[in-house]
Amino acid sequence: MPRFYVTTPIYYVNDAPHVGHAYATVNADALARWHRMLGDDVFFLTGTDEHGAKVAEAAAEHQMTPNAWADQVVSRFTRAWDGLDISNDDFIRTTEPRHHLAVQEFLQRIYDNGFIELDTYSGLYCVSCEDYYTEDQLVDGNCPVHGRPVVQMQEDNYFFKLSAFEDRLIEWYESNPDAVGPAGKRNEALSFIKGGLRNISITRTSLTWGVPVPWDKDHVFYVWYDALVNYLTAIGYGTDEERCNAWWPAVHHLIGKEILRFHCVWWPAMCMAAGIDPPANVFVHGWLLVGGQKLSKSLKLTEIAPEVLTEDFGVDPIRYHLLREVPLGSDGEFSYEGIVARYNADLANNLGNLVSRVATVVGSKCAGIGPAPNHQSALADPASAALAAAADAWGRFAPHEALSATWSLIGSTNAALEAAEPWKLEPGPDVDAVLGDALEALRIVSLLITPAMPSTAAEIWRRIGLSGNPADRRIPADASWGGYPGGLAVEKGSPLFPRRST
RNA sequence: GGCGGCGUAGCUCAGUUGGUCAGAGCACACGGCUCAUAAUCGUGUUGUCGCGGGUUCGAGUCCCGCCGCCGCUACCA
């Protein structure tokens with residue numbers, strides 16, 4: 001059985017979940033759901049990153065222990081994901097014992113392999129970023145991202161000998177052209193590597209809120225270096241070799257472009273240093289922009305909490321919008337107006353209305369019993385084309401194309417109804433043929449939208465009289481033309497997506 | 001500064017290796033229909049494909065220059 005291991009970044013707990021987090025997580029979720037329908041053995045991982053100075057500082061400000069602070073923020077993430085129907089198979093927290101064990105095992109191995117050495121580091125540090133800056137990067141002497149003062153830091157650190165992996169990384173990139181996508185991001189990473197790599201500091205003595213360095217009690221690992229290892233922790237690295245080997249390295253890391261360097265340079269090198277293969281695939285998504293600016297708390301644009309949107313529009317419409325509006329890999333505008341426009345056009349007018357009109361005519365012309373489809377239907381080709389295009393698109397991490405292809409079938413079905421005008425015909429074989437085809441198209445549409453809108457898909461499935469859940473069907477076998485049996489009671493129901501006026 | 005990318009209808013964008021490539025969706029207009037959530041179906045308008053040269057029988061599609069916009073440029077983590 002093919003395996004599909006997909007990860008989101010683990011989210012830093014100093015920030016409440018917002019649309020940017022939801023974007024990455026919903027995309028990973030839809031991919032996971034698609035692959036489950038393909039029959040793959042799927043492992044979908046998300047979680048939280050809980051170490052580092054920023055968390056310790058935030059906890060202190062609230063007179064809480066870092067652990068208690070993290071617990072509180074983590075619960076907001078888990079609730080947010082429940083609220084978005086996220087189907088993750090595991091939720092990892094970097095403060096868990098299993099993660100400490102994996103990190104220590106992983107980095108001890110790198111140390112033993114001779115790729116970690118002690119050195120002195122000094123630099124200008126922004127606590128908010130968990131990052132160092134050079135003087136010319138500063139804006140008015142402050143952090144360019146947060147606008148906050150930076151601190152001069154100097155300490156003895158252990159350094160990872162990243163420079164030793166320059167050639168191996170280049171070779172890896174050149175022999176694995178699909179390892180990082182989209183191509184533009186791959187080139188960005190590769191050119192960065194070709195520009196020369198320097199060793200990187202991976203431990204801290206200035207704080208204790210982190211994973212202890214096993215060979216030196218005075219140090220904890222720098223937050224980024226423990227965070228990346230989560231992808232291995234969750235599949236049993238260091239404790240369950242068989243399981244780990246089953247899932248690694250065939251992983252798909254879905255990440256945002258702001259953490260490209262960590263995932264496309266540091267992480268593969270760390271894996272090499274530890275003696276394991278680098279991740280098979282890193283897919284880099286873009287940013288959702290509000291008024292052209294990144295969603296970021298310091299820019300005060302994170303007031304867009306996922307739950308506010310789902311309460312307003314519903315869970316599936318928001319999932320749909322996140323998947324459909326912007327090609328994964330590109331930046332895109334995210335706006336209320338944009339959501340309303342797409343909601344009305346795609347969900348209310350096209351899909352929702354199609355379900356309504358079909359159910360109504362089945363009610364009036366077929367006594368509410370759905371007829372079987374015609375095997376020679378003119379909709380058979382559009383249906384198989386939509387299936388093929390969707391499958392291809394999901395395989396390329398292009399949910400927006402998969403959904404676009406699915407909507408072309410919805411359009412063909414609306415047009416077919418218009419051409420046949422079954423509402424004008426007397427009940428009989430002609431009417432049955434038209435409506436059977438429409439019901440079959442809706443059945444296939446239900447399957448194709450399941451990764452994006454699982455609840456809606458199940459509801460359409462139910463309304464047209466089918467039992468079970470479309471998520472349990474198999475693609476492509478169950479999505480080929482002719483699967484609707486006919487003779488099932490079709491329910492009218494209320495509008496799936498009431499049209500929005502604003 | 002260096003490297004990379006982008007600039008195509010009002011909006012968002014598709015446009016492989018040069019020859020129906022001037023397109024799609026939305027918006028808009030007109031027409032049809034009235035089963036449906038004033039939904040749907042059909043037809044259509046708008047573009048000097050950033051600007052200027054060049055290569056070619058022929059260039060959004062290749063080359064040069066220019067203008068505008070954007071990304072990356074860790075650093076002795």
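Order of the sequence lines sets the chain letters (A, B, ...), proteins ahead of strands, with each chain counted from 1.
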**Message:** Closest-nucleotide mapping onto RNA chain B: is A:Trp423 or A:Lys257 further toward the 5' terminus? I mean the 5' end.
**Reply:** A:Trp423

**Request:** Take atom CG of A:Leu442 and atom P of B:A36, then tell me their distance rounded to the nearest Å.
**Result:** 16 Å

**Asked** Separation of A:Ile259 atom CD1 from B:A74 atom C1', in whole Å?
**Response** 15 Å

**Complete:** note: A:Ile410, atom CD1; B:U40, atom P; distance rounded to Å ~ 12 Å

**Request:** May I ask you to verify if any side-chain N or O of A:Asn349 is less than 4.0 angstrom from the OP1 or OP2 atom of B:U40?
**Result:** yes

**Request:** Would you mind classifying the nucleic acid contact of A:Asn199 as base, sugar-phosphate or nothing, using non-hydrogen atoms under 4.0 angstrom?
**Result:** sugar-phosphate

**Prompt:** What integer number of Å spans the P atoms of B:G5 and B:C49?
**Reply:** 22 Å

**Fill in**
Rounded to whole Å, CD of A:Glu325 lies from P of B:C26 at a distance of 13 Å

**Asked** Taking the C1' atom of each, how far is B:C67 from B:C26, in whole Å?
**Response** 30 Å

**Asked** With a 4.0 Å cut-off on heavy atoms, is A:Phe160 in touch with a base, just the backbone sugar-phosphate, or nothing at all?
**Response** nothing

**Asked** Taking the side chain of A:Asn353 as heavy atoms from C-beta outward, which of B:G32, B:U37, B:C72 is closest to it?
**Response** B:U37

**Identity of whatever pairs with B:C30 - Watson-Crick or G-U, under 3.5 angstrom** = B:G42

**Request:** Kindly point out which of B:C26, B:U37, B:U73 is positioned nearest to the side chain of A:Ala345?
**Result:** B:C26

**Message:** Please compare A:Gly332 and A:Asn187 by the position of their nearest nucleotide in RNA chain B and report the one closer to 5'.
**Reply:** A:Asn187

**Prompt:** Which part of the nucleic acid, if any, lies within reach of A:Gly352 when heavy atoms closer than 4.0 Å are counted: base, sugar-phosphate only, or nothing?
**Reply:** base

**Asked** B:U61 and B:C6: how far apart are their C1' atoms, nearest whole angstrom?
**Response** 15 Å

**Asked** Counting only distance, no hydrogens or angles, is the base of B:G5 paired donor-acceptor with the side chain of A:Glu188 under 3.5 Å?
**Response** no

**Request:** Taking atom P in both B:G7 and B:U46, compute the distance separating them and give it to the nearest angstrom.
**Result:** 23 Å

**Request:** Please determine, for the side chain of A:Lys424, which listed nucleotide (B:C33, B:U37, B:U40) has the closest atom?
**Result:** B:C33

**Prompt:** Which distance, rounded to the nearest 0.5 Å, do you find between the CD1 of A:Ile460 and the CG of A:Leu466?
**Reply:** 11.0 Å

**Given B:A74, B:C35, B:U40, the nucleotide with the shortest approach to the side chain of A:Thr360** = B:C35

**Message:** Say we look at B:U8 and B:C41: how far apart would their C1' atoms be, to the nearest angstrom?
**Reply:** 29 Å

**Request:** Calculate the interatomic distance between A:Glu333 atom CD and B:C13 atom P; express it in whole Å.
**Result:** 9 Å

**Asked** If we take the P atom in both B:C51 and B:A9, what is their distance in whole Å?
**Response** 10 Å

**Request:** Pick the C1' atom in B:G50 and in B:G68, then give their distance to the nearest Å.
**Result:** 8 Å

**Prompt:** Is there side-chain contact between A:Thr8 and A:Leu254, with heavy atoms separated by less than 4.5 Å?
**Reply:** no

**Item:** Base partner of B:C11, which must satisfy Watson-Crick or wobble distances under 3.5 Å
**Value:** B:G25

**Asked** Phosphate oxygens OP1/OP2 of B:A39: is one of them under 4.0 Å from a side-chain N or O of A:Arg499?
**Response** yes

**Asked** Contact class for A:Ala415 (heavy atom, under 4.0 Å): base, sugar-phosphate, or nothing?
**Response** sugar-phosphate

**Message:** Does the structure show a Watson-Crick or G-U wobble partner for B:C69, both distances under 3.5 Å? Name it, or say none.
**Reply:** B:G5

**Message:** How long is the straight-line distance from CD1 of A:Ile202 back to CG of A:Leu228, given to the nearest 0.5 Å?
**Reply:** 11.0 Å

**Item:** Polar contact flag, side-chain donor to acceptor under 3.5 angstrom, A:Thr95-A:Glu50
**Value:** yes

**Request:** Looking at every strand, decide which applies to A:Leu417 at a 4.0 Å heavy-atom threshold: base, sugar-phosphate, or nothing.
**Result:** nothing

**Audit row: A:Lys194, A:Glu174, salt bridge (Lys or Arg N to Asp or Glu O under 4.0 Å) steps and yes/no** = CA-CA 12 Å; A:Lys194 286 180 173 174; A:Glu174 289 179 347; 3.5 Å; yes

**Asked** According to a strict under-4.0 Å criterion, is A:Asn414 in side-chain N/O contact with OP1 or OP2 of B:A39?
**Response** no

**Message:** Please report the distance separating the C1' of B:A22 from the corresponding atom of B:G65, rounded so that it comes out in whole Å.
**Reply:** 26 Å

**Prompt:** Which pair of non-hydrogen atoms, one from A:Leu309 and one from A:Val19, has the smallest distance, and what is that distance?
**Reply:** CD1-CG2, 3.6 Å

**Item:** Cation-pi, A:Tyr484 ring and A:Arg443 (6.0 angstrom, 45 degrees)
**Value:** no

**Asked** Which is true for A:Asp119 with a 4.0 Å heavy-atom rule: it touches a base, it touches only sugar-phosphate, or it touches nothing?
**Response** nothing

